[in-house]
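Comments concern the structure below.
A quick note: this is a predicted structure, and the numbers were derived from the prediction, not measured.
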Amino acid sequence: MSHDLFEAARDAMSKAYAPYSKFPVGAAIRADDGKVYVGANIENLSFPQGWCAEPTAIGNMVMGGGRKIVEMAVIAEKLALCPPCGGCRQKIAEFAGPDTRVYLCDEVGVQKTMTMEELLPFSFKTEILG
Ligand SMILES: O=c1ccn([C@H]2C[C@H](O)[C@@H](CO)O2)c(=O)[nH]1
Ligand SMILES: [Zn+2]
């Protein structure tokens, strides 16, 4: 993964609105249009109404004209990783392929690289299984 994606995710993390969990998360997508789209988690006093960093980035990608995730970085602070939650895995899968790479980062750099298939095996499909 090139450093620009990591830096974009780290910059996005600095914009997180996470006063309740105090767990800022940033995400950066390199999309099929060659652009980088970013997002951060945005929380709410009514806790379930907040949302994760990944859907912010996905929303920015779709509205910016990107349609496919080529690669994605997700970063958390304080030397913690943020493996995408279950809901985010489904949302990322919508715009990714089985080999799409997701880089799990801390503030130092990439700590773990996973494919979409590793993150969400045996995912929901409407086709009949062969
Ligand atoms: O995939 C995930 C999982 C959690 N969070 C955020 C949601 C919440 O604001 C904070 C603590 O759960 O981390 C993300 O941004 N992405
Ligand atoms: Zn999530």
### Task
Might you work through the side-chain contact (heavy atoms from CB on, under 4.5 Å) test for Q111 and L104, ending with a clear yes or no?
CA-CA 6 Å; Q111 298 301 332; L104 307 183; 5.7 Å; no
### From CA spacing to verdict: side-chain contact (heavy atoms from CB on, under 4.5 Å), V102, T113
CA-CA 6 Å; V102 178; T113 300; over 6 Å; no
### Message
Please determine whether side-chain contact (heavy atoms from CB on, under 4.5 Å) holds for the pair M13 and E77, giving the CA-CA distance in whole Å, both sets of side-chain angles, and the decisive distance to 0.1 Å.
### Response
CA-CA 8 Å; M13 179 172 66; E77 266 185 347; 3.7 Å; yes
### Query
Yes or no on salt bridge (charged side-chain N to carboxylate O under 4.0 Å, His left out) for K68 and D33, after CA distance, side-chain angles and deciding distance?
CA-CA 8 Å; K68 209 73 188 144; D33 59 0; over 6 Å; no
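Between the side chain of D32 and the main chain of G66, no donor-acceptor pair closer than 3.5 Å is present. The main-chain N or O of I69 is never found under 3.5 Å from a side-chain atom of R30 such that the two would form a donor-acceptor pair. At distances below 3.5 Å, at least one donor-acceptor pair connects side-chain atoms of D106 with backbone N or O atoms of G109. The backbone N or O of P19 sits less than 3.5 Å from a side-chain atom of K22, completing a donor-acceptor pair. Under a 3.5 Å cut-off, the side chain of R67 and the backbone N or O of F95 do not form any donor-acceptor pair. Between the T115 side chain and the E118 main chain, a donor and an acceptor come within less than 3.5 Å of each other. A distance-only check finds no donor-acceptor pair linking the side chain of E54 to the backbone of R89 [under 3.5 Å].
With hydrophobic clusters built from ILVMFWY side chains whose heavy atoms lie under 4.5 angstrom apart, M116 shares a cluster with V74. Taking hydrophobic clusters as Ile, Leu, Val, Met, Phe, Trp and Tyr residues chained together by side-chain heavy-atom distances below 4.5 Å, V25 does not share a cluster with F6. Tracing side-chain contacts under 4.5 Å through hydrophobic residues (I, L, V, M, F, W, Y), one never reaches M72 starting from V36; they form parts of separate clusters. Residue L81 is grouped with residue I29 when hydrophobic side chains (ILVMFWY) are merged at heavy-atom distances under 4.5 angstrom, including chains of intermediate members. Hydrophobic clustering, with ILVMFWY side chains joined whenever heavy atoms are under 4.5 angstrom apart, groups L120 together with I58.
Counting only residues at least two apart or on different chains, the ring pair (Phe, Tyr, Trp, His ring centres under 6.0 Å) pairs with a member in residues 44-93 are Y20-F47.
Looking at every heavy atom in both residues, V38 comes nearest to A28 through CG1-CB, 4.1 Å. Nearest approach of Y37 to G65, heavy atoms of both residues: OH-N, 4.0 Å. For the pair A12 and A40, the tightest heavy-atom approach, listed with the atom from each and the gap, is O-CB, 3.3 Å. The heavy-atom pair separating K91 from P55 by the smallest distance is CD-CB, 4.0 Å.
Atom NZ of K112 sits about 13.0 Å away from atom SG of C105, to the nearest 0.5 Å.
Inter-residue side-chain proximity for P24 and I75 is flagged as unmet; no heavy-atom pair is nearer than 4.5 Å. Put simply, the side chain of N41 does not reach to within 4.5 Å of the side chain of T56, judged on heavy atoms.
Using a 3.5 Å distance cut-off with no hydrogens or angles, the side chains of E71 and T100 do not pair a donor with an acceptor.
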